[in-house]
Structures are given as C-alpha cells and as structure tokens.
Number of protein chains: 2
Amino acid sequence: MSKKSTRVDVACQALRQAIIEQALPPGTKLPEDELGAQFRMSRTLVRAALAQLQSEGLVDAPPRRTATTAKPTLEEAREVFEVRRTLEREVVRLVIARWRPEFGAELEGHVRKEEAARKAGEARVSIRLAGEFHIKLGELAGNSLFRRYLGEVVSRCSLILALYGRPHSADCAVNEHREIVAALRSRNAEAAIELMDHHLGAVEHRALLDQDRDAQFDLGAVLSRYTETAETGNGSKIARLPRRKTRAAK
Amino acid sequence: MSKKSTRVDVACQALRQAIIEQALPPGTKLPEDELGAQFRMSRTLVRAALAQLQSEGLVDAPPRRTATTAKPTLEEAREVFEVRRTLEREVVRLVIARWRPEFGAELEGHVRKEEAARKAGEARVSIRLAGEFHIKLGELAGNSLFRRYLGEVVSRCSLILALYGRPHSADCAVNEHREIVAALRSRNAEAAIELMDHHLGAVEHRALLDQDRDAQFDLGAVLSRYTETAETGNGSKIARLPRRKTRAAK
DNA sequence: GGGTGTAATTCTGTATACAGGATTTTACTA
DNA sequence: TAGTAAAATCCTGTATACAGAATTACACCC
C-alpha cells in the first residue's frame, strides 16, 4: 500500500494533510514556485496537484492569481455540512446492512487511538484521527464512491473548523464516536443515524465565531514536516528555486 | 453566462458532452496530441482537462498509457447508482422544502422539451435532456455541492447506460419525469421520493446485457461537432499535429 | 500624510523540448 | 505458420522557456 502514488499524488497528499491538520490556515498563499522547490518538482506537477485540491474544495485557485488554501464562506460551509449529513446517514445504513463482527473491533480500536491522542494532548493527531473515524466508516460501507465523496466533505469540514471553529474544538467528540460504534454494533440503524445526526450537528455547531489568527509563518517549515521525501534527495534536476530566492526568510 | 471558462474548461466541457451523449463510446482512446490538435491547445492543457474528467469518473487515465473514455465495471456502476439514489432522494426533500411556484413552470417547461425531442426522434438530444432534468432539480435544491455531486453521478450514469444499456433506452423516462414534477408540485415529499426511487430503479434496470458496438470511427469528426471554436482560428500558434500526422484518416 | 500613476517584480498561462515507457511493426527462426 | 526478438514509432512524464497579468514598490504630487 505504498508504491502506487504518482509524484503529483505525493504533493497532493502532503498539502491535503497540511490543510486538514490546520497547519496551513485558510487563505495561506501557495505559490507554484515555492511549492515546487519544496517538493522538488516543476510547476507543471505542482499545478496539477493544486488543480486536484481545488476540485476537492481545499484550495482556491482563481485564474491568474496565486492559489491559496480555501476560505469557504459560511454559506458554503452550511452546504458542506448538509451534504455530509446526507452521506453519513446513508453510510450508517450501509454499514449496518453489511455488518460483520470485525467491524466492531476495528472501529473500537480506532476510538481507543483517538482517546489516547486526546489524553496526550496531541491536537494535530486528534484532529486527524477524528476525521479518519468517519473515513473508516465510509470504507466499511463498501462503496468507493461514497468513500470518495465522504472523504472530500470530511476534509472540507476540517478546513471549515479551522476557519470558523473555536481553536482546538474539533476533537472533543471521542465519546460521541464511541456511542455511534455501540449503536452500530447492536445494529440499530435508527439509533445510529440519530446519534450520527446529533454528532454532526454538534460538529457543525462548533463552527461559530470567526477569528483572525493570521500570523505570518514559514511555509517551507510547515511543509517540510509533510514532505516525506527522504531528506534532500540532491542531485535532483530541480534546483532550489532557480527562478528567484525564497521569500520565507524575510 | 459564457465568458467565465478557461481554455481547459472548454476542452473539458466538449469532451464531457461528447462522452455523455455517447458519441465517444466507453474505451475510446484519447491521445493527448490528437485532442490538442482538435482543440488547438498544447498537451499541457489537454492533460489538465483529462485529469479533471478522470476525477469525475468519465475518463480512465492509468499512468503512462493513453487515456480512454471510462469503462466502468458493473460493480462501479452499482456504486454510482447507489450514491445517485441517495443524493436524489435528498434533493427531492430539499426542493420541496424550498418550493416556489416558478419551480413548477420551469420543470414542466423542461419536460415538454424532453417530450418534443423524443417525438422528433432526436436520440442525442433526448439523452442530454433526460440528464438535465435531474441537474435542474439539483439546482433547485440550492446547494452547489449537491449540485456538483449530482452532476457527476448523472454524467456517469449516461456513460454506464452507453456501456451496459440497450441502445436508445436511456430516454424512455419522460412520463416518469412528469409524474415526479406533479408530486413535487403538490409538495408531497413521500410520493416524490417514492417516484424518484422507482424512476432511478427503472433507469438502473435498463443497465443490463452488454454488447460490443465498438465499430471504428473518426475521433476528429465527432469532436469537431463538440468544439465550439469559431472555425479554424488559424494563425494560431499551434500547428495541426506538429508531432505526427493524424491517424484518423486511416 | 495620503493618494496615485508608473516602474519593477512576482507569478501564472501555455507551448515545447527531450527522455523514457508502451505499443506496434518488422524480421527472423523453428 | 506461428512465435518471438529487435527495431521503429507512438505517446506520456516532466522540466523549462517566454509572454503577459497581477501585485508591489516607489516616487511624485497635492
């Protein structure tokens, strides 16, 4: 489960993760050159990655201006949550319909991880795991398109939380997850849907007051944490920002 | 409602339409050079268009082989229909919730167009209008993400029909559309959902026996019908297939 | 001091070059 | 004649060049 990614996917994945974990706050500029230098690839590939992320709603890339991490409006946020509720309800139904005992173990294992991260105060990890719980459900539903759409809205929700939510509020849901798992295990569709709806309502509710923590920070530094390239694979054909010097060290 | 498209979008749109109308049967090769010559743009842009269409599930583009119009498996087809049912049910609810009298007129107008096309035996147009009915509903739901996802699955369904359906069977649904409109107009959500489910069940059911009508045909000829560029805008920087001669006239 | 027009700079849009893969053709062997 | 290896060709992966749009910096004026 590793060798199938193209170079574009690698960049995509790194950026996606960075955005989801709110390491790149909404509105952050993403200049093609700089990303290219970071990922050791040409603008051609960076561009493809950005296009992909734009189609997922994680990046804004208006014609002829620098792409940025998306800043969804409140209206868009509402839409995303609306779709998400619809998808997750159906996913719950599907998962229950094809329930197998392994599912319970799998999900409970995950919730335990969430719990651990939460206790350890690992905000970044908590956020990621919280999202992955829903993704995992999507996978158990056995429909790859559901899975894809769900992945998309879940990512976008992380972004929305980053933009509108109170800081560090995305990860208070471990208990709710646990209850959902219990309902699934007892194959009680009604209860599970009810819980899921409530859970998502709570998540959405956390999207409230805004606040501009727009502090300047170093794009390269953040991204390097998400680039899994084994160190500076030098000898690469791509020079370090051949076209201009990075402005990060301003 | 015309000047907002980038060049990539133009190509995308043309290809999408051609695929949806089944003018480019599943499995048709789409070499970047040839498309570039057709659309008067470089491979760079063609590539972006193909990537987009791949993400919509209309094109298969495995690494280092020529892209083709997608050939979904039966399993994938099942998945698409499953998601589609979920989305459309919710759309029906939303449309009813925000119902306004204009909606009725709008939809009925559309159904009349479908009827007309059907009578005129315009298969191509019929297929397009049948899809657009659902798109229109998606628009009335007032959620652009629903709209986008719905558009995607509807397109894919056209493709699936092209692959698995009996020829010319995609457009027998005018009456069903009419009934749905009636139910919406009376704001009877239960009935409307019931009808929609039944309708989609019927559409899905038409996806049955396969059949290989794979006859050779001329890619350029088909595409030129979908390229709205005002004639050969010669003087263009792009030569006609500079790298090799077209094989179409084989 | 705050506009504002213009020059400099940054950055995107797009074509194109070149290096391999993938495929097809050709040629040769059993 | 079928099978296969080598060669030719088609086609994609990717970097890069260059043109022009957007943005920023500056100088000038009121």
Side-chain angles (χ1 to χ4, degrees), chain A residues 3-12 27-54 59-68 216 219-220 229 233-250, chain B residues 3-12 27-54 59-68 216 219-220 229 233-250:
Chain A
K3 210 63 275 163
K4 59 163 16 156
S5 348
T6 69
R7 303 227 273 143
V8 179
D9 287 331
V10 172
C12 239
T28 307
K29 280 201 192 168
L30 305 168
E32 297 173 1
D33 274 345
E34 202 167 340
L35 297 184
Q38 183 62 38
F39 295 124
R40 308 290 132 114
M41 55 181 73
S42 78
R43 285 178 53 220
T44 308
L45 301 193
V46 170
R47 196 152 239 281
L50 288 174
Q52 169 68 33
L53 292 171
Q54 176 176 43
V59 158
D60 275 350
R64 27 198 78 132
R65 30 180 62 63
T66 306
T68 61
Q216 202 57 30
L219 181 58
T229 301
N234 87 16
S236 149
K237 206 169 163 191
I238 304 212
R240 213 182 237 289
L241 280 183
R243 281 167 44 135
R244 71 189 63 86
K245 56 285 146 206
T246 171
R247 99 191 47 59
K250 188 252 290 279
Chain B
K3 209 64 275 165
K4 57 158 22 151
S5 347
T6 70
R7 306 226 274 140
V8 185
D9 287 330
V10 172
C12 238
T28 307
K29 279 201 191 167
L30 305 169
E32 297 173 1
D33 274 345
E34 202 167 339
L35 297 183
Q38 183 61 39
F39 295 125
R40 310 289 133 120
M41 55 182 73
S42 78
R43 285 178 53 219
T44 308
L45 302 193
V46 170
R47 196 151 239 281
L50 288 175
Q52 168 68 33
L53 292 172
Q54 176 176 43
V59 158
D60 276 351
R64 27 197 78 132
R65 33 179 62 62
T66 306
T68 61
Q216 202 58 28
L219 181 58
T229 301
N234 86 16
S236 149
K237 205 169 164 192
I238 304 212
R240 213 181 237 287
L241 279 184
R243 282 165 43 131
R244 70 188 64 85
K245 57 284 144 205
T246 173
R247 99 193 43 60
K250 191 253 290 284

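So that the names make sense, note that chain A is the first sequence line, chain B the second, and so on, each numbered from 1.
Protein atom CG of B:Asp33 is 7 Å distant from nucleotide atom P of D:dC11, rounded to whole Å. The separation between A:Arg40 atom CZ and D:dT14 atom P is 17 Å, rounded to whole Å. Between the CG atom of A:Leu45 and the C1' atom of D:dT16 there is a distance of 12 Å, rounded to whole Å. Rounded to whole Å, the distance from CG on A:Asp9 to P on D:dT14 is 11 Å. One interatomic measurement links the two molecules: CG of B:Leu50 to C1' of D:dC11, which rounds to 13 Å at whole-angstrom precision. For B:Met41 and C:dA15, the CE to C1' distance is 12 Å, given to the nearest whole Å. If you measure from atom CZ of A:Arg43 to atom C1' of D:dA19, you get 12 Å, rounded to the nearest angstrom. Counting to the nearest Å, the C1' atom of C:dA22 and the CD atom of B:Glu32 are 14 Å from each other.
To the nearest 0.5 Å, atoms OG (B:Ser42) and CG (B:Asp33) are separated by 10.0 Å. One finds the CZ atom of B:Arg43 at 11.0 Å from the CG atom of B:Leu35 (value rounded to the nearest 0.5 Å).
For the residue pair B:Ala67 and B:Leu50, the shortest heavy atom distance occurs at CB-CD1, 4.1 Å. Of all non-hydrogen atoms in B:Cys12 and B:Gln52, the two that sit nearest each other are SG-CG, 3.3 Å. Considering all non-hydrogen atoms of both residues, B:Arg40 and B:Arg7 come closest at O-NH1, 3.4 Å. For the residue pair B:Leu30 and B:Thr68, the shortest heavy atom distance occurs at CD1-C, 3.9 Å.
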Strictly under 3.5 Å: I want the nitrogen or oxygen pairs between protein and nucleotides 23-25 of chain D, one per line.
residue, atom, partner, partner atom, Å
D:dT23, OP1, A:Arg65, NE, 3.4
D:dT23, OP2, A:Arg65, NH2, 3.4

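Distances shown here put a side-chain N or O of A:Ser42 below 4.0 Å from the OP1 or OP2 atom of D:dA15.
Backbone-only contact: A:Thr66 has heavy atoms under 4.0 Å from sugar-phosphate atoms and none from a base.
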